[in-house]
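Here's the structure we're looking at; comments come further down.
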Amino acid sequence: MSSRERVYRVEAIVLRRVDFGEADRLLTVFTPDRGKLRLIAKGARKPSSRKSGHVELFTHDQFLVAAGRELDIIVQAETVEAFLPLREDLLRTSHAYYLAELADAFTAERDENRPLFHLLKDALGWLCTADDLALLARYYELHLLGIVGFQPQLFLCGNCKKELSAGTNYLAPGEGSVLCQRCGADQTGTVRISANALKVLQFLQIHDWGTCRLLRLNTPMHAEMERAMQHYLLYHLERKLKSVDLIHRLRRQLEMNQR
Amino acid sequence: MATIPPEPVTRLIEAFSQLPGIGPKTASRLTFYLLRRPAEQAEALADAIRDLKRKTVFCSICFNITDQSPCAICRDETRDRSIICVVEEPLDVLAIDRTGEYRGLYHVLHGAISPVEGIGPDELRIQELVARLKNQPVQEVLLATNPNLEGEATAMYLARLLQPLGVRITRLARGLPVGGDLEYADVITLSRALQGRREM
(Lines give C-alpha, C1' and ligand atoms only; values in the text may rest on other atoms or scores of the structure.)
Protein backbone atom coordinates (compact mmCIF):
# COMPACT_ATOMS: atom_id res chain seq x y z
CA MET A 1 0.00 0.00 0.00
CA SER A 2 1.57 3.28 -1.04
CA SER A 3 1.49 6.03 1.54
CA ARG A 4 1.13 8.59 -1.24
CA GLU A 5 -2.53 8.02 -2.04
CA ARG A 6 -4.49 11.25 -1.76
CA VAL A 7 -7.15 9.96 0.61
CA TYR A 8 -7.01 6.83 2.71
CA ARG A 9 -9.04 5.17 5.43
CA VAL A 10 -7.52 4.00 8.70
CA GLU A 11 -8.56 2.43 11.94
CA ALA A 12 -6.75 4.13 14.81
CA ILE A 13 -6.37 4.52 18.56
CA VAL A 14 -5.48 8.02 19.79
CA LEU A 15 -2.33 7.92 21.94
CA ARG A 16 -1.52 11.59 22.35
CA ARG A 17 -3.04 14.89 21.47
CA VAL A 18 -1.67 18.43 21.57
CA ASP A 19 -3.22 21.74 20.60
CA PHE A 20 -2.05 23.03 17.27
CA GLY A 21 -2.64 26.42 15.64
CA GLU A 22 -5.86 28.36 16.19
CA ALA A 23 -8.35 25.56 16.82
CA ASP A 24 -6.65 22.39 15.54
CA ARG A 25 -5.26 19.37 17.29
CA LEU A 26 -2.22 17.33 16.42
CA LEU A 27 -2.86 13.68 17.19
CA THR A 28 -0.48 10.79 17.57
CA VAL A 29 -2.45 7.68 16.68
CA PHE A 30 -1.67 4.01 16.35
CA THR A 31 -3.05 2.10 13.36
CA PRO A 32 -2.95 -1.60 12.48
CA ASP A 33 -1.48 -1.31 8.97
CA ARG A 34 0.46 1.97 9.04
CA GLY A 35 1.84 1.90 12.57
CA LYS A 36 2.13 5.16 14.45
CA LEU A 37 0.98 8.29 12.58
CA ARG A 38 0.76 11.98 13.33
CA LEU A 39 -2.43 13.50 12.02
CA ILE A 40 -4.04 16.93 12.12
CA ALA A 41 -7.67 17.29 13.21
CA LYS A 42 -8.72 20.68 11.85
CA GLY A 43 -11.00 22.73 14.06
CA ALA A 44 -11.27 19.96 16.65
CA ARG A 45 -11.13 22.39 19.56
CA LYS A 46 -14.33 24.19 18.59
CA PRO A 47 -17.34 22.88 20.51
CA SER A 48 -19.36 22.67 17.30
CA SER A 49 -16.76 20.55 15.55
CA ARG A 50 -18.09 17.26 14.21
CA LYS A 51 -14.72 15.73 14.87
CA SER A 52 -13.87 16.73 18.44
CA GLY A 53 -15.63 13.87 20.21
CA HIS A 54 -14.27 11.37 17.73
CA VAL A 55 -10.64 12.34 18.23
CA GLU A 56 -10.57 12.02 22.02
CA LEU A 57 -7.67 10.30 23.73
CA PHE A 58 -7.84 6.50 23.99
CA THR A 59 -10.78 6.09 21.64
CA HIS A 60 -10.76 3.53 18.84
CA ASP A 61 -11.83 5.33 15.69
CA GLN A 62 -12.26 5.09 11.96
CA PHE A 63 -10.65 8.01 10.09
CA LEU A 64 -10.73 9.20 6.53
CA VAL A 65 -7.41 10.94 6.03
CA ALA A 66 -6.19 13.26 3.25
CA ALA A 67 -2.48 13.23 2.54
CA GLY A 68 -0.98 16.66 3.27
CA ARG A 69 2.36 18.12 2.36
CA GLU A 70 3.91 17.47 5.74
CA LEU A 71 1.18 16.17 7.98
CA ASP A 72 -1.88 14.23 6.90
CA ILE A 73 -5.28 15.70 7.71
CA ILE A 74 -8.32 13.94 9.17
CA VAL A 75 -11.29 14.62 6.92
CA GLN A 76 -13.89 12.45 8.62
CA ALA A 77 -13.90 10.70 11.96
CA GLU A 78 -16.15 8.17 13.58
CA THR A 79 -15.77 6.40 16.91
CA VAL A 80 -15.74 2.62 16.87
CA GLU A 81 -15.30 2.14 20.63
CA ALA A 82 -15.16 4.95 23.18
CA PHE A 83 -14.06 2.89 26.24
CA LEU A 84 -16.38 4.99 28.41
CA PRO A 85 -15.46 3.50 31.83
CA LEU A 86 -11.87 4.74 31.31
CA ARG A 87 -13.19 8.28 31.43
CA GLU A 88 -15.19 7.92 34.61
CA ASP A 89 -12.58 6.58 37.01
CA LEU A 90 -9.36 8.48 37.52
CA LEU A 91 -7.25 5.43 38.34
CA ARG A 92 -8.39 3.75 35.11
CA THR A 93 -7.70 6.98 33.21
CA SER A 94 -4.17 7.14 34.57
CA HIS A 95 -3.57 3.52 33.55
CA ALA A 96 -4.86 4.29 30.05
CA TYR A 97 -2.25 7.06 29.88
CA TYR A 98 0.35 4.50 30.87
CA LEU A 99 -0.67 1.96 28.21
CA ALA A 100 -0.62 4.66 25.54
CA GLU A 101 2.68 6.13 26.71
CA LEU A 102 4.37 2.72 26.54
CA ALA A 103 3.03 2.03 23.03
CA ASP A 104 4.21 5.47 21.95
CA ALA A 105 7.64 5.09 23.53
CA PHE A 106 8.42 1.70 21.97
CA THR A 107 7.41 2.49 18.39
CA ALA A 108 8.67 4.62 15.52
CA GLU A 109 6.43 6.49 13.10
CA ARG A 110 5.05 4.58 10.11
CA ASP A 111 6.32 1.26 11.36
CA GLU A 112 3.56 -1.29 10.86
CA ASN A 113 2.81 -3.41 13.90
CA ARG A 114 -0.56 -5.11 13.79
CA PRO A 115 -0.11 -7.29 16.91
CA LEU A 116 0.68 -4.20 18.99
CA PHE A 117 -2.45 -2.46 17.75
CA HIS A 118 -4.53 -5.43 18.84
CA LEU A 119 -2.79 -5.69 22.19
CA LEU A 120 -3.42 -2.00 22.86
CA LYS A 121 -7.04 -2.19 21.75
CA ASP A 122 -7.69 -5.30 23.86
CA ALA A 123 -5.87 -3.86 26.88
CA LEU A 124 -7.95 -0.66 26.79
CA GLY A 125 -11.07 -2.83 26.67
CA TRP A 126 -9.91 -4.96 29.62
CA LEU A 127 -8.98 -1.83 31.52
CA CYS A 128 -12.65 -0.80 31.50
CA THR A 129 -13.63 -3.73 33.69
CA ALA A 130 -10.42 -5.12 35.25
CA ASP A 131 -10.36 -5.45 39.06
CA ASP A 132 -6.59 -5.47 39.36
CA LEU A 133 -5.19 -2.62 37.26
CA ALA A 134 -1.58 -3.24 38.32
CA LEU A 135 -1.80 -6.85 37.16
CA LEU A 136 -3.10 -5.68 33.78
CA ALA A 137 -0.24 -3.18 33.53
CA ARG A 138 2.33 -5.97 34.12
CA TYR A 139 0.59 -8.25 31.60
CA TYR A 140 0.60 -5.45 29.03
CA GLU A 141 4.28 -4.63 29.62
CA LEU A 142 5.39 -8.22 29.14
CA HIS A 143 3.34 -8.77 26.01
CA LEU A 144 4.29 -5.39 24.53
CA LEU A 145 7.99 -6.14 25.11
CA GLY A 146 7.53 -9.45 23.29
CA ILE A 147 5.88 -7.76 20.31
CA VAL A 148 8.42 -4.95 19.92
CA GLY A 149 11.42 -7.27 20.26
CA PHE A 150 12.57 -6.70 23.84
CA GLN A 151 11.07 -9.85 25.35
CA PRO A 152 12.87 -10.74 28.56
CA GLN A 153 13.98 -14.36 28.89
CA LEU A 154 12.33 -15.40 32.16
CA PHE A 155 12.76 -19.16 32.05
CA LEU A 156 16.50 -19.79 31.55
CA CYS A 157 19.53 -18.02 32.98
CA GLY A 158 20.79 -15.61 30.32
CA ASN A 159 24.38 -16.56 31.03
CA CYS A 160 24.67 -20.30 31.77
CA LYS A 161 21.40 -21.16 29.95
CA LYS A 162 20.40 -23.47 32.79
CA GLU A 163 16.92 -23.53 34.18
CA LEU A 164 16.42 -21.04 36.99
CA SER A 165 16.30 -22.41 40.51
CA ALA A 166 13.63 -21.66 43.10
CA GLY A 167 15.73 -19.20 45.13
CA THR A 168 16.46 -15.53 44.51
CA ASN A 169 17.36 -14.67 40.92
CA TYR A 170 18.35 -11.43 39.21
CA LEU A 171 16.64 -9.55 36.40
CA ALA A 172 19.35 -8.10 34.14
CA PRO A 173 17.87 -5.65 31.60
CA GLY A 174 21.18 -5.39 29.74
CA GLU A 175 21.13 -9.13 29.07
CA GLY A 176 17.41 -9.04 28.32
CA SER A 177 17.12 -11.91 30.72
CA VAL A 178 16.98 -13.23 34.26
CA LEU A 179 20.31 -14.49 35.64
CA CYS A 180 20.56 -17.34 38.11
CA GLN A 181 21.93 -16.87 41.60
CA ARG A 182 25.44 -17.91 40.58
CA CYS A 183 25.72 -15.82 37.42
CA GLY A 184 23.82 -12.77 38.67
CA ALA A 185 25.09 -12.19 42.21
CA ASP A 186 28.08 -10.04 41.20
CA GLN A 187 26.52 -8.34 38.19
CA THR A 188 25.78 -4.63 38.41
CA GLY A 189 22.59 -3.02 37.12
CA THR A 190 20.45 -5.98 38.06
CA VAL A 191 17.43 -6.16 40.34
CA ARG A 192 16.74 -9.05 42.71
CA ILE A 193 13.63 -11.01 42.05
CA SER A 194 12.05 -13.55 44.38
CA ALA A 195 11.00 -16.99 43.19
CA ASN A 196 7.30 -16.17 43.60
CA ALA A 197 7.41 -12.85 41.72
CA LEU A 198 9.33 -14.56 38.91
CA LYS A 199 6.73 -17.31 38.75
CA VAL A 200 3.94 -14.75 38.31
CA LEU A 201 5.87 -12.88 35.60
CA GLN A 202 6.49 -16.18 33.77
CA PHE A 203 2.81 -17.00 34.04
CA LEU A 204 1.80 -13.58 32.68
CA GLN A 205 4.23 -13.89 29.79
CA ILE A 206 2.85 -17.16 28.42
CA HIS A 207 -0.87 -17.03 29.24
CA ASP A 208 -3.67 -14.92 27.86
CA TRP A 209 -5.49 -12.25 29.86
CA GLY A 210 -8.57 -14.44 30.30
CA THR A 211 -6.45 -16.76 32.45
CA CYS A 212 -4.16 -14.16 34.01
CA ARG A 213 -6.97 -11.97 35.29
CA LEU A 214 -7.92 -14.69 37.77
CA LEU A 215 -4.62 -14.30 39.65
CA ARG A 216 -4.92 -12.72 43.10
CA LEU A 217 -1.76 -11.05 44.37
CA ASN A 218 -0.95 -9.18 47.57
CA THR A 219 0.46 -5.66 47.70
CA PRO A 220 4.14 -6.53 48.44
CA MET A 221 4.12 -8.93 45.49
CA HIS A 222 2.70 -6.21 43.24
CA ALA A 223 5.30 -3.74 44.46
CA GLU A 224 8.15 -6.17 43.74
CA MET A 225 6.90 -6.98 40.24
CA GLU A 226 6.38 -3.34 39.44
CA ARG A 227 9.88 -2.44 40.64
CA ALA A 228 11.42 -5.17 38.50
CA MET A 229 9.46 -4.27 35.36
CA GLN A 230 10.07 -0.53 35.75
CA HIS A 231 13.79 -1.24 36.09
CA TYR A 232 13.70 -3.27 32.88
CA LEU A 233 11.68 -0.66 30.95
CA LEU A 234 13.78 2.26 32.17
CA TYR A 235 16.95 0.56 30.95
CA HIS A 236 15.60 0.04 27.44
CA LEU A 237 13.78 3.36 27.08
CA GLU A 238 16.55 5.40 28.73
CA ARG A 239 13.93 7.69 30.18
CA LYS A 240 11.29 7.74 32.87
CA LEU A 241 7.68 7.09 31.99
CA LYS A 242 5.71 10.15 32.96
CA SER A 243 2.35 8.59 33.72
CA VAL A 244 3.86 6.36 36.43
CA ASP A 245 4.05 9.28 38.86
CA LEU A 246 0.36 10.01 38.54
CA ILE A 247 -0.54 6.35 39.12
CA HIS A 248 1.57 6.25 42.29
CA ARG A 249 0.13 9.48 43.54
CA LEU A 250 -3.45 8.35 43.04
CA ARG A 251 -2.76 5.04 44.70
CA ARG A 252 -1.32 6.83 47.75
CA GLN A 253 -4.33 9.13 47.87
CA LEU A 254 -6.67 6.17 47.66
CA GLU A 255 -4.89 4.36 50.49
CA MET A 256 -5.08 7.51 52.64
CA ASN A 257 -8.81 7.88 52.01
CA GLN A 258 -9.38 4.25 52.96
CA ARG A 259 -7.66 4.69 56.29
CA MET B 1 23.43 42.49 -5.50
CA ALA B 2 21.44 41.33 -2.50
CA THR B 3 21.79 43.32 0.70
CA ILE B 4 20.75 41.86 4.02
CA PRO B 5 18.23 43.95 6.00
CA PRO B 6 19.77 46.07 8.77
CA GLU B 7 20.07 44.62 12.25
CA PRO B 8 16.94 46.23 13.85
CA VAL B 9 14.84 44.75 11.05
CA THR B 10 16.21 41.21 11.36
CA ARG B 11 15.87 41.44 15.14
CA LEU B 12 12.15 42.20 14.91
CA ILE B 13 11.63 39.49 12.30
CA GLU B 14 13.24 37.02 14.64
CA ALA B 15 11.15 38.23 17.58
CA PHE B 16 7.92 37.86 15.59
CA SER B 17 8.79 34.37 14.43
CA GLN B 18 8.96 33.22 18.07
CA LEU B 19 5.18 33.77 18.31
CA PRO B 20 2.85 30.79 17.86
CA GLY B 21 1.50 30.38 14.33
CA ILE B 22 3.93 32.89 12.81
CA GLY B 23 6.57 31.61 10.42
CA PRO B 24 9.53 33.52 8.90
CA LYS B 25 7.46 34.81 5.95
CA THR B 26 4.65 36.26 8.07
CA ALA B 27 7.23 37.69 10.47
CA SER B 28 8.95 39.58 7.61
CA ARG B 29 5.61 40.84 6.31
CA LEU B 30 4.62 42.19 9.73
CA THR B 31 8.01 43.85 10.17
CA PHE B 32 7.95 45.59 6.81
CA TYR B 33 4.35 46.64 7.39
CA LEU B 34 5.41 48.37 10.62
CA LEU B 35 8.33 50.03 8.81
CA ARG B 36 5.85 51.74 6.51
CA ARG B 37 3.49 52.88 9.31
CA PRO B 38 3.88 56.12 11.31
CA ALA B 39 6.29 55.98 14.25
CA GLU B 40 3.46 56.44 16.81
CA GLN B 41 1.84 53.21 15.80
CA ALA B 42 5.05 51.24 16.31
CA GLU B 43 5.63 53.01 19.64
CA ALA B 44 2.11 52.16 20.81
CA LEU B 45 2.66 48.51 19.95
CA ALA B 46 6.00 48.48 21.75
CA ASP B 47 4.42 50.09 24.84
CA ALA B 48 1.56 47.63 24.85
CA ILE B 49 3.99 44.71 24.71
CA ARG B 50 6.19 46.14 27.47
CA ASP B 51 3.21 46.84 29.76
CA LEU B 52 1.83 43.38 29.19
CA LYS B 53 4.47 41.85 31.43
CA ARG B 54 5.28 44.87 33.59
CA LYS B 55 1.77 45.77 34.60
CA THR B 56 0.11 42.40 34.96
CA VAL B 57 0.30 40.02 37.88
CA PHE B 58 -1.53 36.90 39.01
CA CYS B 59 -4.39 37.69 41.35
CA SER B 60 -3.29 36.49 44.79
CA ILE B 61 -6.71 34.91 45.38
CA CYS B 62 -7.95 33.38 42.13
CA PHE B 63 -4.73 33.41 40.01
CA ASN B 64 -6.41 35.10 37.11
CA ILE B 65 -4.29 37.61 35.21
CA THR B 66 -4.90 41.14 36.45
CA ASP B 67 -3.33 44.60 36.61
CA GLN B 68 -4.05 44.89 40.31
CA SER B 69 -4.14 42.12 42.90
CA PRO B 70 -6.72 41.08 44.10
CA CYS B 71 -8.41 41.25 40.71
CA ALA B 72 -11.61 43.14 39.87
CA ILE B 73 -13.76 40.01 40.24
CA CYS B 74 -12.35 39.06 43.63
CA ARG B 75 -12.82 42.66 44.86
CA ASP B 76 -16.37 42.99 43.53
CA GLU B 77 -18.64 43.01 46.61
CA THR B 78 -21.77 42.39 44.55
CA ARG B 79 -20.63 38.96 43.41
CA ASP B 80 -21.82 35.77 45.05
CA ARG B 81 -19.08 34.70 47.45
CA SER B 82 -20.54 31.31 48.26
CA ILE B 83 -19.49 29.69 44.98
CA ILE B 84 -16.14 29.25 43.21
CA CYS B 85 -15.89 28.23 39.58
CA VAL B 86 -12.66 26.35 38.79
CA VAL B 87 -11.34 26.79 35.23
CA GLU B 88 -8.19 25.82 33.33
CA GLU B 89 -7.21 29.13 31.72
CA PRO B 90 -7.83 32.88 32.17
CA LEU B 91 -9.63 32.86 28.81
CA ASP B 92 -12.20 30.46 30.28
CA VAL B 93 -13.08 33.11 32.90
CA LEU B 94 -13.92 35.52 30.08
CA ALA B 95 -16.01 32.89 28.29
CA ILE B 96 -18.05 32.00 31.37
CA ASP B 97 -18.48 35.60 32.53
CA ARG B 98 -19.72 36.62 29.08
CA THR B 99 -22.76 34.37 29.51
CA GLY B 100 -24.03 36.58 32.36
CA GLU B 101 -25.41 33.41 33.99
CA TYR B 102 -22.69 33.14 36.57
CA ARG B 103 -22.02 35.78 39.23
CA GLY B 104 -19.74 33.94 41.61
CA LEU B 105 -15.95 33.85 42.02
CA TYR B 106 -13.31 32.00 40.01
CA HIS B 107 -10.15 30.01 40.47
CA VAL B 108 -7.72 29.58 37.56
CA LEU B 109 -5.62 26.38 37.56
CA HIS B 110 -3.40 27.34 34.62
CA GLY B 111 -3.65 24.00 32.84
CA ALA B 112 -5.04 20.50 33.26
CA ILE B 113 -3.51 17.22 34.38
CA SER B 114 -1.74 15.64 31.40
CA PRO B 115 0.81 13.05 32.47
CA VAL B 116 2.22 12.57 28.98
CA GLU B 117 3.04 16.28 28.68
CA GLY B 118 4.56 16.14 32.15
CA ILE B 119 1.80 18.19 33.81
CA GLY B 120 0.85 16.68 37.15
CA PRO B 121 -1.24 18.09 40.00
CA ASP B 122 1.81 19.92 41.39
CA GLU B 123 2.18 22.01 38.24
CA LEU B 124 -1.32 23.45 38.70
CA ARG B 125 -2.75 25.91 41.24
CA ILE B 126 -4.41 23.10 43.18
CA GLN B 127 -2.73 23.52 46.56
CA GLU B 128 -3.71 27.19 46.40
CA LEU B 129 -7.34 26.22 45.82
CA VAL B 130 -7.34 23.87 48.80
CA ALA B 131 -5.76 26.54 51.01
CA ARG B 132 -8.29 29.09 49.79
CA LEU B 133 -11.21 26.81 50.60
CA LYS B 134 -9.82 26.09 54.07
CA ASN B 135 -9.40 29.80 54.82
CA GLN B 136 -12.69 30.92 53.38
CA PRO B 137 -15.16 28.07 53.15
CA VAL B 138 -17.77 28.29 50.38
CA GLN B 139 -20.95 26.34 49.76
CA GLU B 140 -20.21 25.16 46.24
CA VAL B 141 -17.25 24.48 43.98
CA LEU B 142 -18.17 24.33 40.30
CA LEU B 143 -15.64 22.35 38.26
CA ALA B 144 -15.58 23.94 34.81
CA THR B 145 -12.51 22.30 33.28
CA ASN B 146 -12.66 21.38 29.59
CA PRO B 147 -14.88 18.44 28.64
CA ASN B 148 -11.97 16.41 27.29
CA LEU B 149 -9.95 13.66 28.92
CA GLU B 150 -7.43 16.00 30.58
CA GLY B 151 -10.20 18.23 31.90
CA GLU B 152 -12.19 15.26 33.15
CA ALA B 153 -9.15 13.78 34.86
CA THR B 154 -8.48 17.13 36.55
CA ALA B 155 -12.12 17.41 37.67
CA MET B 156 -12.11 13.88 39.07
CA TYR B 157 -8.84 14.54 40.87
CA LEU B 158 -10.21 17.76 42.41
CA ALA B 159 -13.51 16.15 43.36
CA ARG B 160 -11.67 13.46 45.26
CA LEU B 161 -9.33 15.95 46.89
CA LEU B 162 -12.08 18.35 47.97
CA GLN B 163 -14.58 15.74 49.20
CA PRO B 164 -13.22 15.74 52.78
CA LEU B 165 -13.83 19.51 53.03
CA GLY B 166 -17.56 18.83 52.92
CA VAL B 167 -18.27 21.36 50.19
CA ARG B 168 -20.86 20.78 47.46
CA ILE B 169 -19.00 19.87 44.26
CA THR B 170 -20.67 20.32 40.87
CA ARG B 171 -19.54 19.84 37.28
CA LEU B 172 -20.59 21.71 34.16
CA ALA B 173 -23.24 19.74 32.25
CA ARG B 174 -22.14 18.02 29.07
CA GLY B 175 -24.25 17.52 26.04
CA LEU B 176 -24.92 18.53 22.49
CA PRO B 177 -23.65 21.81 21.05
CA VAL B 178 -26.18 24.37 19.85
CA GLY B 179 -26.53 24.20 16.08
CA GLY B 180 -25.15 20.66 16.00
CA ASP B 181 -26.55 17.61 14.26
CA LEU B 182 -27.48 14.50 16.24
CA GLU B 183 -26.22 12.17 13.54
CA TYR B 184 -22.71 13.59 13.80
CA ALA B 185 -22.57 13.45 17.59
CA ASP B 186 -19.96 11.12 19.05
CA VAL B 187 -20.76 8.30 21.45
CA ILE B 188 -19.24 10.01 24.48
CA THR B 189 -21.18 13.26 24.07
CA LEU B 190 -24.41 11.52 23.17
CA SER B 191 -24.27 9.14 26.12
CA ARG B 192 -23.59 12.05 28.49
CA ALA B 193 -26.44 14.01 26.94
CA LEU B 194 -28.75 11.05 27.56
CA GLN B 195 -27.60 10.69 31.16
CA GLY B 196 -28.18 14.39 31.74
CA ARG B 197 -31.61 14.66 30.11
CA ARG B 198 -34.14 17.04 31.64
CA GLU B 199 -37.89 17.29 32.22
CA MET B 200 -39.64 19.62 29.80
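Residue numbers start from 1 in every chain, and the chains themselves are labelled A, B, ... in the order their sequence lines are given, proteins ahead of strands.
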Part of [X] lying under 4.5 Å from any heavy atom of chain B:
X        : value
Thr93(A) : side chain
Val18(A) : side chain
Ser49(A) : neither
Arg50(A) : both
Leu15(A) : neither

Measuring from [X]:[atom1] to [Y]:[atom2], what's the distance to the nearest 0.5 Å?
X         : Y         : atom1 : atom2 : result
Arg192(B) : Glu88(A)  : CZ    : CD    : 5.0 Å
Leu254(A) : Arg160(B) : CG    : CZ    : 5.0 Å
Lys242(A) : Glu117(B) : NZ    : CD    : 6.5 Å
Leu90(A)  : Ile113(B) : CG    : CD1   : 6.5 Å
Glu152(B) : Asp89(A)  : CD    : CG    : 12.5 Å

Looking at [X], I want to see if its [atom1] is surrounded by more than 12 non-hydrogen atoms of other residues, nucleotides or ligands under 6.0 Å.
X         : atom1 : value
Arg168(B) : CZ    : no
Phe16(B)  : CZ    : yes
Glu238(A) : CD    : no
Glu140(B) : CD    : yes
Arg11(B)  : CZ    : no
Gln41(B)  : CD    : yes
Gln62(A)  : CD    : yes
Gln195(B) : CD    : yes

Could you look at [X] and say if it's the side chain, the backbone, both or neither that has a heavy atom under 4.5 Å from chain A?
X         : value
Pro115(B) : both
Glu150(B) : both
Ala185(B) : backbone

Item to complete: Sort by residue number and list every member of residues 118-136 of chain A having a non-hydrogen atom under 4.5 Å from chain B.
Response: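 The residues closer than 4.5 Å to chain B amount to none at all.
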Discussion item. Can you confirm whether Pro121(B) sits close enough to Leu246(A) that some side-chain heavy atom of one is under 4.5 Å from a side-chain heavy atom of the other?
Written reply: yes
Worksheet item: Is any side-chain heavy atom of Arg45(A) closer than 4.5 Å to a side-chain heavy atom of Asn148(B)?
Response: no
Discussion item. Please identify, among Phe58(A), Tyr97(A), Phe20(A), the residue contributing the most non-hydrogen atom pairs under 4.5 Å to chain B.
Written reply: Tyr97(A)
Worksheet item: Which heavy atom of Ala82(A) sits nearest a heavy atom of Ile188(B), and at what distance?
Response: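 So the minimum-distance heavy-atom pair works out to CB-CG1, 3.7 Å.
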Worksheet, complete the sentence: Note: Arg249(A) and Asp122(B) closest approach over all heavy atoms is NH2-OD1, 3.0 Å
Practice prompt. Name the member of Leu161(B), Val116(B), Asp181(B), Asp186(B) that forms the most heavy-atom pairs with chain A at distances under 4.5 Å.
Written response: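 Of the options given, most contacts go to Asp186(B).
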Item to complete: Could you check which of Pro164(B), Ala153(B), Pro20(B), Gly120(B) has the highest count of heavy-atom pairs closer than 4.5 Å to chain A?
Response: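 Heavy-atom pairs under 4.5 Å are most numerous for Ala153(B).
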Worksheet item: Can you pull the ring pair (Phe, Tyr, Trp, His ring centres under 6.0 Å) pairs that have at least one residue in residues 42-71 of chain B, sequence neighbours excluded?
Response: Phe58(B)-His110(B), Phe63(B)-His107(B)
